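Notes follow the structure.
Computed from a predicted structure; not experimentally measured. As the structure lists them, so they are numbered: ligands from 1, and atoms in each ligand from 1.
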Amino acid sequence: MNRYESAKEIYAKFGVDTDLAIEKLKNIPVSLHCWQGDDVKGFDTDGPLTGGIQTTGNYMGRARTPDELMADMEKVMSLCPGKKKLNVHACYAIFEDGKIVDRDKLEPKHFAKWVEFAKERNMGIDFNPTFFSHPKVKDGLTLSSPDEETRKFWIEHGKACIRISQYFAEETGVPCVMNIWTGDGFKDIPADRMGPRMRYKESIEEILAEPFDKNLVKPCVESKVFGIGVEAFTSGSAEFSLTFAATHDGCLPLMDNGHYHPTEMVSDKIPALLCFFPEIALHITRPIRWDSDHVVLFDDETREMAKEIVRCDALERVYMALDYFDASINRISAWTMGFRNWQKALLNALCTPNELLTKLQDNNELTELQVVQDEMRTMPFGDIWDEYCRRCNVKCDREWFGDIKEYEKNVLSGR
Ligand code: RNT
Ligand code: ZN
């Protein structure tokens, strides 16, 4: 008997069908963010990263052109099992023959190359308007700015992005999740908190007034408690964003697990939101003390978030996207690690005896629940994971990193 066969038997004793878990996971899309490859720089401006987010580090080999970014992404995908969706930001527009337009004038054609890239690989596309790293961010504000012209510019950007999202969905045949996040906020105590939020609300409403097919475009609002330089106040706080989504038909709340106070857990928020929303969206990241956007690991909270999605039978109701950026280590490895680890967390969740555990909870057998839950940690999960990688034709743990070293030597070091 090989290791997989033996592990499968052990899981079967708990009522878990590992073959079924593997088959199920193969078809669940996870969105791979293009911005890990170039430190969220994009191609449309040459300024610094703003909006209260930061990449630290200067490892060799950052992708500098669309071709380099796509080649790197291709490499990452070849090392990751499971179904991928492409996640693009508006600042990754590709202007051919130097015909640059500003963000309020973006058109589908500026993303034709991304569509080609996605279609060739059978992927859907998710999209994000870029409300940061741009000279028209006025005094740190965009959609909630008191300056009408500024607001107007960013509303037009949002509308352009709706049209581009619709184009992505039509081209790929897969719905496009369009996420609205701004870094709007104040460093110190504001005098007026409601004013910016009312303007933010009205601006998003104007963006969503752009016609689109609700089955094809899934607009989201992402909340955030604070950012670097906007420590005192954000326009898009948790209460603001959640209530906005709840009161606007077809708009989804997006939770990024780096965007809450450090003791708040998104794993606990997922089932709370699923009681009310038909669909929700996630940004999966790893905060350390703040929204630091570290590489996603196979750690406790990552596993717990995946478990909640699976336990709530919500794999089809939760749009999952990765969102982190680390420039201090090999970017291709960082990218691959995060994707593989979220896959691991999902597979682990699918191999958890959820029915048995729920029964113990409902029968108030809480002593046994604690014992079984904790013993699950030392089940032979690695053997199931290796088998999943094999069946997806990608390298197992302990094997893929060799490819990274080679790519660094042959490709990245020449940049
Ligand atoms: C920032 C938000 C946002 C960005 C991306 C690049 O804190 O998480 O989602 O990370 O849009
Ligand atoms: Zn995010």
Side-chain angles (χ1 to χ4, degrees), residues 30-45 47-56 63 69 85-93 103 125-134 137 140 142-143 154 157-158 161 165 176-185 204 218-231 233-238 240-242 245 252-262 264 266 269 280-296 302 305 318-327 331 334-335 338 342:
V30 174
S31 222
L32 185 63
H33 55 318
C34 73
W35 52 93
Q36 161 57 39
D38 75 334
D39 314 339
V40 210
K41 277 185 87 66
F43 310 127
D44 73 338
T45 50
L49 179 60
T50 69
I53 53 178
Q54 214 167 57
T55 44
T56 52
L69 190 63
K85 205 174 175 190
L86 174 65
N87 207 354
V88 181
H89 238 287
C91 60
Y92 289 80
R103 290 195 189 154
I125 309 179
D126 289 335
F127 198 45
N128 308 261
T130 311
F131 297 103
F132 52 84
S133 304
H134 191 280
V137 177
T142 62
L143 293 176
W154 290 110
H157 175 54
C161 288
S165 298
C176 173
V177 175
M178 192 196 98
N179 178 44
I180 296 176
W181 173 77
T182 72
D184 287 23
I204 308 173
K218 310 275 179 175
C220 305
V221 279
E222 177 180 13
S223 69
K224 188 165 181 174
V225 64
F226 83 97
I228 296 181
V230 289
E231 287 84 1
F233 168 92
T234 58
S235 304
S237 62
F240 174 90
S241 305
L242 195 53
L252 281 58
L254 186 146
M255 295 190 289
D256 178 312
N257 62 305
H259 291 190
Y260 297 85
H261 293 289
E264 283 185 79
V266 165
K269 299 176 192 293
I280 64 169
L282 291 181
H283 271 182
I284 300 148
T285 184
R286 181 168 52 104
I288 296 193
R289 307 191 196 286
W290 65 286
D291 177 41
S292 54
D293 285 301
H294 280 62
V295 175
V296 173
T302 305
M305 288 196 293
V318 181
Y319 295 100
M320 303 176 282
L322 298 171
D323 180 19
Y324 56 83
F325 21 96
D326 193 336
R331 292 175 185 78
W335 230 339
W342 182 245

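Atoms of ligand 1 found under 4.0 Å from any heavy atom of F325 (numbered from 1 in listed order, with element): 10 (O). Taking a cut-off of under 4.0 Å to the non-hydrogen atoms of I53, the atoms of ligand 1 that pass are 1 (C), 7 (O). Near D256, the atoms of ligand 1 lying under 4.0 angstrom from a non-hydrogen atom of the residue are 8 (O). Of all the atoms in ligand 1, the ones that sit under 4.0 Å from a non-hydrogen atom of H283 are 9 (O). For ligand 1 and K224, the ligand atoms under 4.0 Å from any heavy atom of the residue are 1 (C), 7 (O).
Between H283 atom ND1 and D323 atom OD2, the angle centred on the Zn ion (ligand 2) amounts to 90° (nearest 10°).
Its N, O or S atom nearest to the Zn ion (ligand 2) is what matters here, and for D256 that atom is OD2. Considering just the N/O/S atoms of E222, the one nearest the Zn ion (ligand 2) carries the name OE2.
Only side-chain heavy atoms of D291 come within less than 4.0 Å of ligand 1; its backbone N, CA, C and O stay farther off. When heavy-atom distances to ligand 1 are checked against a 4.0 Å cut-off, H33 has no atom that comes that close, whether in backbone or side chain.
Nearest heavy atoms, T55 versus D39: OG1-CB, 3.6 Å.
Under the side chain to side chain donor-acceptor pair (under 3.5 Å) test applied with E222, the options N179, T182, N128 reduce to a single match, N179. Between H33 and the options F127, Y324, W342, a ring pair (Phe, Tyr, Trp, His ring centres under 6.0 Å) holds for only Y324. Evaluated for a salt bridge (charged side-chain N to carboxylate O under 4.0 Å, His left out) with K224, the options D291, D323, D256 yield exactly one hit, D291.
Remark: minimum distance from atom 9 (O) of ligand 1 to any protein heavy atom is reached at E222 OE1, 2.7 Å. With hydrogens left out, the protein atom closest to atom 11 (O) of ligand 1 is H89 NE2, 2.7 Å, a heavy atom. The protein heavy-atom contact nearest to atom 10 (O) of ligand 1 is D323 OD2, 2.8 Å.
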Evaluation steps, salt bridge (Lys or Arg N to Asp or Glu O under 4.0 Å), between R103 and D44
CA-CA 9 Å; R103 290 195 189 154; D44 73 338; 2.7 Å; yes
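The closest donor-acceptor contact from the side chain of W335 to the backbone of C34 lies at 3.5 Å or more, if one exists at all.
In this structure, W181 has its ring center closer than 6.0 angstrom to the ring center of F132.
Distances from ligand 1 to the non-hydrogen atoms of H259 include at least one value under 4.0 Å.
Distance check, rounded to the nearest 0.5 Å: CZ of R286 to NE2 of H294 gives 6.0 Å.
Between the side chains of T45 and H134, not a single donor N or O lies within less than 3.5 Å of an accepting N or O.
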